[in-house]
Amino acid sequence: MKIETIGVVGAGTMGSGIAQAAVVAGLRVVLVDVSEKTLASSVASLSGRLERMVQKDQLDGRSCEAAVQRLVAGTDYKSLASADLIIEAATERADIKAVILREIESTVTPHAIIATNTSSISITSLAAALERPDRFIGIHFFNPVPVLPLVEVIPGLQSSSETVDVALQWARQIGKSPIVVSNSPGFVVNRLLIPMLNEAFFLLAEGVATAEEIDAGMRLGASHTIGPLALADLIGLDVCLSIMDVLQKDFGDPKYRACLLLRELVAAGRLGRKAGRGVFQYNA
């Protein structure tokens with residue numbers, strides 16, 4: 001199956017990044033979101049990132065213009081009808097995702113593959129909401145999508161071998177390095193990463209060290225390119241909390257309990273870089 005047009009539902013950070021990676025790779029992209037404001041902001045941000053690629057000689061001007069022209073944005077799910085692959089990149093809540101996935105399935109052709117960019121929710125469980133679960137799969141990107149090469153491809157119990165093969169082929173087509181991961185809570189990267197970030201919040205809450213010192217410890221002592229608290233701000237504290245809650249619920253293990261400080265920051269709206277403030281303060 002040749003992928004020429006993809007749909008992306010959800011024009012937030014991840015959806016915009018996926019759209020950028022695809023248009024740069026020569027694919028037509030249909031970006032859908034319920035909010036026209038979010039769409040306009042996403043398209044403007046994507047265009048700005050492409051222009052910066054030109055300035056850094058990572059992309060020539062003609063290719064940049066062609067990439068922008070391959071992007072179509074709108075609020076109507078019907079615009080996804082011609083897509084060969086549709087990726088849902090909405091809020092990390094199973095109930096919301098199930099509604100969106102059913103809406104996508106009612107619009108696209110029976111041969112289209114539907115994927116989710118969930119970072120922790122069961123692919124098998126989400127597939128159960130669809131009439132064609134064999135055409136459904138998890139394709140998990142990492143932020144920032146245009147920069148990080150890894151993609152986790154997660155088959156659900158119902159995913160066909162053809163669906164897995166197409167997902168792997170497409171990931172490579174847009175220049176990513178996919179790994180196949182079993183449908184386990186948090187998959188591979190987030191099962192390792194998010195509990196580590198959560199532990200950094202425990203250290204901060206207990207006063208073991210300051211936020212700056214905790215981050216410096218992991219950068220200078222463990223060769224991490226970014227400290228855990230700064231990384232949590234980059235990912236989004238609400239996303240980190242959602243993943244911790246999924247890990248605790250699905251494994252039933254108290255070691256995955258979210259730090260109260262993390263919950264407090266999320267409740268206060270201090271969600272990280274996207275909100276201008278998380279553990280650290282960011283310029284608007």
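Residue numbers count from 1 along this sequence. Please read all numbers here as calculations on a predicted model, not as lab measurements.
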A.B. asks: As a quick check of understanding, evaluate salt bridge (charged side-chain N to carboxylate O under 4.0 Å, His left out) for D95 and R93, giving each step before the final call.
C.D. replies: CA-CA 6 Å; D95 55 341; R93 279 181 48 185; 2.6 Å; yes
A.B. asks: Hey, are N183 and T124 close enough side-chain-wise for a donor-acceptor pair under 3.5 Å?
C.D. replies: yes
A.B. asks: Do side-chain atoms of S79 reach the backbone of T75 as a donor and acceptor pair under 3.5 angstrom?
C.D. replies: no
A.B. asks: Verify whether one side chain among T38 and S35 offers a donor that lies under 3.5 Å from an acceptor in the other.
C.D. replies: yes
A.B. asks: Apply salt bridge (charged side-chain N to carboxylate O under 4.0 Å, His left out) to E162 and R135, showing your working.
C.D. replies: CA-CA 8 Å; E162 179 195 2; R135 308 292 290 178; 3.1 Å; yes
A.B. asks: Do the side chain of R70 and the main chain of V29 share a donor and acceptor less than 3.5 angstrom apart?
C.D. replies: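 Not a single qualifying donor-acceptor pair exists.
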A.B. asks: Under a 3.5 Å distance rule, please check whether N190 uses its side chain to pair with a backbone N or O of S119 as donor and acceptor.
C.D. replies: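 Present.
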A.B. asks: Look only at the side chain of D33 and the backbone of L39, and say whether a donor-acceptor pair between them is shorter than 3.5 Å.
C.D. replies: no
A.B. asks: May I ask you to test the L237-L241 pair for a side-chain heavy-atom distance under 4.5 Å?
C.D. replies: no
A.B. asks: Any sub-3.5 Å donor-acceptor pair from K176's side-chain atoms to L168's backbone N or O?
C.D. replies: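 Answer holds: no.
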A.B. asks: Given D245 and R263, is the salt bridge (charged side-chain N to carboxylate O under 4.0 Å, His left out) satisfied, shown in steps?
C.D. replies: CA-CA 11 Å; D245 285 343; R263 290 194 184 279; 2.6 Å; yes
A.B. asks: Of all heavy-atom pairs between I214 and A200, which one has the smallest distance, and what is that distance?
C.D. replies: CD1-O, 3.8 Å
A.B. asks: Look at atom CD of Q169 and say whether more than 12 heavy atoms of other residues, nucleotides or ligands are closer to it than 6.0 Å.
C.D. replies: yes
A.B. asks: To the nearest 0.5 Å, how far apart are CD1 in I121 and NZ in K249?
C.D. replies: 9.5 Å
A.B. asks: Given side chains that start at C-beta, do those of V145 and Q20 come closer than 4.5 Å, heavy atoms only?
C.D. replies: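 Not touching, per the 4.5 Å side-chain cut-off.
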A.B. asks: Between D250 and P185, which heavy-atom pair has the shortest distance, and what is it?
C.D. replies: CB-CG, 3.5 Å
A.B. asks: Aromatic rings Y282 and F280: how do their planes relate, parallel, tilted or perpendicular, breaks at 30° and 60°?
C.D. replies: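 Correct class here is perpendicular.
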A.B. asks: With rounding to the nearest 0.5 Å, note down the distance linking CG in L231 to CE in M196.
C.D. replies: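 That separation rounds to 6.5 Å.
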A.B. asks: Is it the case that S45 and R49 place a side-chain donor and acceptor less than 3.5 Å from each other?
C.D. replies: yes
A.B. asks: Between L203 and L261, is there shared hydrophobic-cluster membership here, with clusters defined by ILVMFWY side-chain heavy atoms closer than 4.5 Å?
C.D. replies: yes
A.B. asks: Please report the interatomic distance OG1(T116) to CD1(I137), rounded to the nearest 0.5 Å.
C.D. replies: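 Reported value, rounded in 0.5 Å steps: 11.5 Å.
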A.B. asks: Is the backbone N or O of D238 less than 3.5 Å from a side-chain atom of S242, with the two atoms forming a donor-acceptor pair by type?
C.D. replies: yes
A.B. asks: Between SG of C64 and CG of L59, what distance do you get to the nearest 0.5 Å?
C.D. replies: 5.5 Å
A.B. asks: Provide the closest heavy-atom pair for A127 versus P133 in the form atom of the first, atom of the second, distance.
C.D. replies: O-CB, 3.5 Å
A.B. asks: Would a 4.5 Å heavy-atom cut-off, applied to side chains only, mark F136 and L101 as touching?
C.D. replies: yes
A.B. asks: Do you reckon V181 sits in the same ILVMFWY cluster as V164, going by side-chain contacts under 4.5 Å, direct or chained?
C.D. replies: no
A.B. asks: Would you say the side-chain atoms of E88 pair up with the backbone N or O of A90, donor to acceptor, closer than 3.5 Å?
C.D. replies: yes
A.B. asks: Taking side chain to side chain contact (heavy atoms under 4.5 Å, CB included) as the criterion, tell me which of N117, V30, L31 meets it with V8.
C.D. replies: L31
A.B. asks: K274 and V239: side chain to side chain contact (heavy atoms under 4.5 Å, CB included), yes or no, with the steps?
C.D. replies: CA-CA 12 Å; K274 61 187 175 185; V239 176; 4.2 Å; yes
A.B. asks: Can you name the residues that form a salt bridge (Lys or Arg N to Asp or Glu O under 4.0 Å) with E92, not counting sequence neighbours?
C.D. replies: K97
A.B. asks: In the structure I gave you, are the side-chain heavy atoms of L27 and Q173 within less than 4.5 Å of one another anywhere?
C.D. replies: yes
A.B. asks: If you count every heavy atom of other residues, nucleotides or ligands that lies below 6.0 Å from Q281 atom CD, does the total exceed 12?
C.D. replies: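 Counting other residues, nucleotides and ligands, CD of Q281 exceeds 12 neighbours.
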A.B. asks: Excluding sequence neighbours, so at least two apart, what forms ring pair (Phe, Tyr, Trp, His ring centres under 6.0 Å) with F251?
C.D. replies: Y256
A.B. asks: Just so I know, are the side chains of D215 and V279 near enough to count as touching, which here means a heavy-atom distance under 4.5 Å?
C.D. replies: no
A.B. asks: I need the Q158 CD to L126 CG distance, nearest 0.5 Å.
C.D. replies: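 Going from the CD atom of Q158 to the CG atom of L126 covers 10.0 Å.
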A.B. asks: Could you tell me the separation between the OG1 atom of T163 and the CZ atom of R132, rounded to the nearest 0.5 Å?
C.D. replies: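 One gets 11.0 Å once the value is rounded to the nearest 0.5 Å.
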A.B. asks: I would like to know whether V23 and V68 meet side chain to side chain contact (heavy atoms under 4.5 Å, CB included); could you show each step before the answer?
C.D. replies: CA-CA 7 Å; V23 293; V68 171; over 6 Å; no
A.B. asks: Looking only at non-hydrogen atoms, find the nearest pair between I100 and Y77 and report the distance.
C.D. replies: CG2-OH, 3.6 Å
A.B. asks: Using ring pair (Phe, Tyr, Trp, His ring centres under 6.0 Å) as the criterion, list what pairs up with F187, not counting sequence neighbours.
C.D. replies: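 Partners of F187 by the ring pair (Phe, Tyr, Trp, His ring centres under 6.0 Å) criterion come out as none, since no residue qualifies.
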A.B. asks: Give a yes or no on whether V246 and F201 share a hydrophobic cluster (residues Ile, Leu, Val, Met, Phe, Trp, Tyr; joining criterion: side-chain heavy atoms under 4.5 Å apart).
C.D. replies: no
A.B. asks: Taking all non-hydrogen atoms of both residues into account, name the closest pair between I18 and A89 and its distance.
C.D. replies: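 For I18 and A89, the tightest heavy-atom pair comes out as CD1-CB, 4.4 Å.
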A.B. asks: Are I3 and L71 co-members of a hydrophobic cluster defined by side-chain heavy atoms under 4.5 Å apart?
C.D. replies: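 Shared cluster, yes.
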A.B. asks: Is V34 linked to V32 within one hydrophobic cluster, defined over Ile, Leu, Val, Met, Phe, Trp and Tyr using a side-chain heavy-atom separation of less than 4.5 Å?
C.D. replies: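 Result: no, two separate clusters.
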A.B. asks: Of P144, P146, S42, which meets side chain to side chain contact (heavy atoms under 4.5 Å, CB included) against S16?
C.D. replies: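 Result: among P144, P146, S42, S42 is the only option passing the side chain to side chain contact (heavy atoms under 4.5 Å, CB included) with S16.
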A.B. asks: Quick check: do I154 and S182 have side-chain heavy atoms less than 4.5 Å from each other?
C.D. replies: no
A.B. asks: Identify the heavy atoms of L80 and V108 that sit nearest to each other, and give their distance.
C.D. replies: O-CG1, 3.7 Å
A.B. asks: Within the structure provided, determine whether N143 and M14 are in side-chain contact (heavy-atom separation under 4.5 Å).
C.D. replies: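 Touching, per the 4.5 Å side-chain cut-off.
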A.B. asks: Is there a donor-acceptor pair closer than 3.5 Å between any side-chain N or O of N198 and the backbone N or O of R257?
C.D. replies: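 Answer holds: yes.
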A.B. asks: Does some side-chain heavy atom of V166 sit less than 4.5 Å from a side-chain heavy atom of L85?
C.D. replies: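 No; the side chains remain at least 4.5 Å from each other.
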A.B. asks: With distance as the sole criterion, is a donor-acceptor pair present between the side chains of S63 and D60 under 3.5 Å?
C.D. replies: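 There is such a pair between these side chains.
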A.B. asks: Show your reasoning for whether side chain to side chain contact (heavy atoms under 4.5 Å, CB included) applies to W170 and I87.
C.D. replies: CA-CA 12 Å; W170 178 74; I87 303 172; 3.5 Å; yes
